[in-house]
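Since the structure comes first, as structure tokens, the remarks are kept for the end.
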Amino acid sequence: MTAASLAETAKAIVADGKGILAADESFPTIKKRFDPLGIESTEDNRRSYREMLFRAPEAEKYISGVILFDETIRQKAADGTSLVELLESRGIIPGIKVDGGAKPLAGHPDETVTEGLDGLRARLEDYAGLGARFTKWRAVYRIDEEIPTAACLSANAHALARYAALAQDAGLVPIVEPEVLMDGEHDIDICDMVTEEVLRGVYAELAIQDVELEGTLLKPNMVLSGKDCAEQASVQEVAERTVRCLKRAVPAAVPGIVFLSGGQSDEQATEHLNAMNKLGESLPWKLSFSYGRALQAAPLKAWAGKTENVGAAQQAYLDRAKANGEAALGRYAA
Ligand code: 5MM
């Protein structure tokens, strides 16, 4: 795989009006999503749910790629086709989450470092053989009085860069996901400052590890007021602050920025993305989505684990995918 083909895949993922479905929930996370609806988290239920999303008619108009979890990339649909082949047959690019999760950071009780570098080269080769063309690694940063610390910023940036270099070596496009959580009472200024610092640190490490930025994508949080902050920034302010922060910290060689939704409502996540693309600024990168909850909340609720609800659930998913596809072009009307 050449640098040119990595760049081509990255560009295809952020083709006009398209974005990513993040369906890479680990076992504890998918259980957390299923539990409130009384759906048991069995292998068969997880497969049925994800197959239902992957088969949704016309989703390929708005969804360019899907991030899978280790179990899913090895699963077969009810008719025996592999889920990877199912996605490929629809022109949707399969990707895979390769991090080992956020684990306690030594000496820093309230912070985490994402683990998973040991043995990563072999796992990446395995995933490439299974049909993955891109990968994802998520680092998590919590905001509070004294955090994130320099230790947390540096450990996570280093791991993200080592991961990205290994992914490119294996011919896979790395999605670099540094997520500053929206939990907390902090205001939008703090989120802005921390996000900029995180991104600057990540790109400094990517440069040290000689990662080819043209063959990468960034998956960041938006610049938002903390969830429990008394003063919530408007849609326009979020759009302006997020774009300004990214312009300060993300190199122009990166082809696309695909936001995570991070606990925003699905409607908010769409409106914020739309407002950014409507600013009319000439930006070096595409701005699109790689949403988990903001794409899945409605279809999961509509499905509720029942076969008879598949049509309604697929429609609910398609409605969210279409709305976000339009937002990626700045053409969404609520
Ligand atoms: C879909 O959730 C992903 C996996 O999370 P865990 O490893 O914790 O199970 C997550 O990384 C996701 O891709 C991003 O956070 C974006 O999802 P949201 O829901 O924030 O848009």
Side-chain angles (χ1 to χ4, degrees), residues 13 19-36 41 46 49-50 53-54 62-73 93-104 112-116 120 123 127 132 134-142 156 159-160 163 167 173-183 191 195 198 217-224 226-227 238 242 256-273 276 287-301 317 320-321 323-325 327-328:
I13 293 172
I20 297 173
L21 165 67
D24 58 310
E25 296 85 358
S26 54
F27 294 126
T29 305
I30 194 78
K31 184 174 181 320
K32 205 158 80 186
R33 306 276 181 263
F34 278 7
D35 277 352
S41 181
R46 292 189 292 271
Y49 170 61
R50 286 165 170 153
L53 295 177
F54 301 169
Y62 315 105
I63 302 293
S64 53
V66 174
I67 311 174
L68 303 169
F69 177 58
D70 181 75
E71 174 187 67
T72 326
I73 200 169
I93 305 175
I96 181 81
K97 182 236 296 289
V98 302
D99 64 64
K103 301 285 156 56
T112 59
V113 59
T114 301
E115 294 186 353
L120 182 56
R123 286 194 292 121
Y127 289 137
F134 70 97
T135 58
K136 192 204 82 171
W137 179 290
R138 173 173 172 253
V140 185
Y141 309 84
R142 203 165 69 77
N156 279 298
L160 277 166
Y163 138 75
V173 169
I175 295 189
V176 170
E177 181 180 1
E179 176 176 7
V180 177
L181 297 176
M182 61 188 284
D183 302 341
C191 177
T195 303
V198 164
L217 293 168
L218 173 69
K219 175 166 173 168
N221 54 284
M222 296 178 190
V223 174
L224 301 166
K227 212 162 56 186
V238 167
T242 303
I257 295 175
V258 288
F259 292 100
L260 57 91
S261 55
Q264 302 177 62
S265 74
D266 43 14
E267 188 56 29
Q268 264 178 339
T270 307
E271 285 186 7
H272 286 147
L273 176 62
M276 285 181 227
L287 294 181
S288 187
F289 59 91
S290 173
Y291 293 159
R293 284 162 284 181
L295 279 171
Q296 295 188 52
L300 178 58
K301 196 168 163 209
Y317 169 53
R320 290 321 312 164
N324 288 305

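Read the numbers this way: they start at 1 and go in the same order the structure lists the ligands and their atoms.
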Can you give me a line-by-line list of nitrogen or oxygen pairs between ligand 1 and the protein shorter than 3.5 Å?
residue  : atom   : partner : partner atom : Å
ligand 1 : 7 (O)  : Lys97   : NZ           : 2.7
ligand 1 : 8 (O)  : Thr29   : OG1          : 3.3
ligand 1 : 9 (O)  : Ser26   : N            : 2.9
ligand 1 : 9 (O)  : Ser26   : OG           : 2.7
ligand 1 : 9 (O)  : Thr29   : OG1          : 2.5
ligand 1 : 11 (O) : Lys136  : NZ           : 2.4
ligand 1 : 13 (O) : Asp24   : OD1          : 3.3
ligand 1 : 13 (O) : Lys136  : NZ           : 2.8
ligand 1 : 13 (O) : Lys219  : NZ           : 3.0
ligand 1 : 15 (O) : Glu177  : OE2          : 3.3
ligand 1 : 19 (O) : Arg293  : N            : 2.8
ligand 1 : 19 (O) : Arg293  : NE           : 2.7
ligand 1 : 20 (O) : Gly262  : N            : 2.7
ligand 1 : 20 (O) : Arg293  : NH2          : 3.1
ligand 1 : 21 (O) : Ser261  : N            : 2.8
ligand 1 : 21 (O) : Ser261  : OG           : 2.4
ligand 1 : 21 (O) : Gly292  : N            : 2.9

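Nearest heavy-atom pair, Ala269 versus Tyr291, reported as atom, atom and distance to 0.1 Å: O-OH, 2.9 Å.
Each of Lys32, Arg33, Lys31 was scored for a side chain to side chain donor-acceptor pair (under 3.5 Å) with Asp35, with one residue passing: Lys31.
Glu179 and Arg142 are not joined by a salt bridge, as no carboxylate oxygen comes within less than 4.0 angstrom of a charged side-chain nitrogen. With respect to the salt-bridge test (charged N to carboxylate O, under 4.0 angstrom), the residues Glu25 and Arg50 qualify.
Here Arg46 pairs with Ser41, Glu71 under the side chain to side chain donor-acceptor pair (under 3.5 Å) rule; sequence neighbours left out.
The structure places CG of Leu260 at 9.0 Å from CG of Leu181, a figure rounded to the nearest 0.5 Å.
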